[in-house]
Amino acid sequence: MAAALRAPCALSRPSTVSQFRQQRTGAVAVRAQKVEAQGAAASGAVLDQPARQPSPAINLIQPVTRWPEGIPPAMGGHFMPSGAAAPLSQSKGPGIDIHPLMFTYPAGGNDVAVQIYDSDFAAVAGLAEYVAKASAEAIAARGAFTIALSGGSLVKSLAGLVGRSDVDFSKWWVLFVDERNVPLSSDDSNYKAAHAELLRKVPVPANQVLAIKEGLPVQQAATHYAGQLLELPASVLPRTADAWPVLDCVLLGVGPDGHIASLFPNRKETAATEGWVLPVSDSPKPPAERITLTLPVINAAKNVAVVALGQGKAEVVQRALEVQSLPGALPVQLVQPAGGKLSWVLDQASAAKLRIPEWAEGSKKFPRSENPPKSA
Ligand SMILES: O=C(O)[C@H](O)[C@@H](O)[C@H](O)[C@H](O)COP(=O)(O)O
């Protein structure tokens, strides 16, 4: 059921910081849907709650003015609803390790669908529906379905796919959004986790699961993985006119600093405009060595879902959906599928800090298009 969101008020030029803050929170650009998933009763309608007062520690990156001295030396240090500062980036200062022109948002942002489920159980069922639909469409169109999986908590959210007889797993090709450069038997391996939670339970042919090659230096591991993708014929992995691969479905988790895949805030891999797969040798999240799909690959996909469940994701969800960060400071905000659809899959716990009643109806863009905020 699509939620009826009332525009809080017409947006006019604010004359005070507090009015500006109010308008910033009201101008959030997303479309929310309250979803009743398979077997899960919809209750406690998030979208029907009376408007909550905005938090006093609202997530302004900087008040009202532009940055007169240029981009701040530390990016990503805006405040979260708890009042705690968001994790800082690796940036060392203007001209040293800041690349202000390397990250951009498309003017006006992109449409996004936000699905809020009553529980993590309902979200898992809803995610299975989402994937099953993408799978059915792709298989009907060309007889193959490509899906890229992230690591971390995401893999457990795939449980709803197990036992689905309506999904033709024999046509699936499974890739990894990112992978740790460890043996496949390691507890750190995303392959191992995906195998344990899903792949050993569904009939995807083993040769259609593209795992990292073990035992290579990370640079070679990335090159080798890109090679595996490049070898896939266009009937399995079509290309855009610009020769980017078009994956049918990309499932992303999101970290507390807004990272997706192994693309961390303000890092060169995150800003990469070339290459399908890159090595990361000093990941801030262990293990240090990883390979990752690039943003252009993620953004060339047909269906991209950011899956964030549980209370631990509430702050990053709020920041990502309601406050446009400095470009690059919150990599998840750079997820903007050009020819595809972006969805966020949330549960009530991860959506708890969203101020949905304040979202402006008709303003359905993500992330927000003002950056930096315009002067009053
Ligand atoms: O392999 C990885 O580390 C990931 O692919 C990474 O991008 C992950 O999805 C996020 O860090 C969220 O992980 P959690 O959901 O476990 O917090």
Side-chain angles (χ1 to χ4, degrees), residues 76 80 86-87 89-90 117 120 123-124 127 131 147-159 174-184 186-199 209-212 214 218 221-222 225 247 249-267 269-270 272 276-295 297-299 301 304-320 328-335 342-347 349-351:
M80 300 188 286
S89 75
Q90 305 281 313
Y117 293 89
D120 57 353
V124 165
L127 181 62
V131 173
I147 181 168
L149 307 177
S150 294
S153 62
L154 175 86
V155 286
K156 288 204 185 302
S157 309
L158 302 173
V174 178
L175 290 66
F176 292 87
V177 171
D178 65 335
E179 178 59 286
R180 295 90 181 266
N181 193 27
V182 295
L184 299 179
S186 162
D187 287 343
D188 281 331
S189 161
N190 287 346
Y191 169 87
K192 182 180 178 184
H195 188 262
E197 298 295 334
L198 179 71
L199 300 176
V209 177
L210 305 187
I212 191 172
E214 298 172 281
V218 68
Y225 201 74
L247 294 164
C249 186
V250 172
L251 300 182
L252 301 171
V254 58
D257 57 355
H259 80 260
I260 44 107
S262 288
L263 301 171
F264 295 89
N266 297 315
R267 292 170 60 106
E269 302 88 15
T270 309
W276 291 16
V277 183
L278 289 179
V280 177
S281 54
D282 55 350
S283 163
K285 177 182 177 181
E289 287 198 354
R290 291 148 173 263
I291 63 171
T292 184
L293 297 184
T294 57
L295 267 168
V297 171
I298 293 168
N299 284 336
V304 181
V306 180
V307 183
L309 305 181
Q311 193 186 1
K313 304 288 182 189
E315 290 207 326
V316 71
V317 165
Q318 193 276 334
R319 281 190 295 137
L330 217 48
V332 68
Q333 291 189 334
L334 298 168
V335 177
L342 173 62
S343 302
W344 279 64
V345 177
L346 307 176
D347 59 7
S350 62

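Source: prediction; values computed, not measured. Remember, it's 1-based here, ligands and their atoms both numbered in the order they're listed.
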May I ask you to decide if Glu179's main-chain N or O and Tyr225's side chain share a donor-acceptor pair within less than 3.5 Å? no
For ligand 1, what is the set of protein residues having any non-hydrogen atom at a distance below 4.0 Å? Ser150, Gly151, Gly152, Ser153, Asp178, Arg180, Asn190, Gly253, Val254, His259, Ile260, Ala261, Lys285, Arg290, Lys313
Could you tell me whether the side chain of Glu197 and the main chain of Leu158 form a donor-acceptor pair under 3.5 Å? no
Does Arg319 reach the main-chain N or O of Pro256 with its side chain, forming a donor-acceptor pair under 3.5 Å? yes
Please answer whether the main-chain N or O of Leu263 pairs with a side-chain N or O of Glu269 as donor and acceptor at a distance below 3.5 Å. no
Ignoring hydrogens and geometry, is there a side-chain-to-backbone donor-acceptor pair from Asp347 to Gly310 under 3.5 Å? yes
Donor-acceptor contact below 3.5 Å, side chain Asn190 vs main chain Asp178: yes
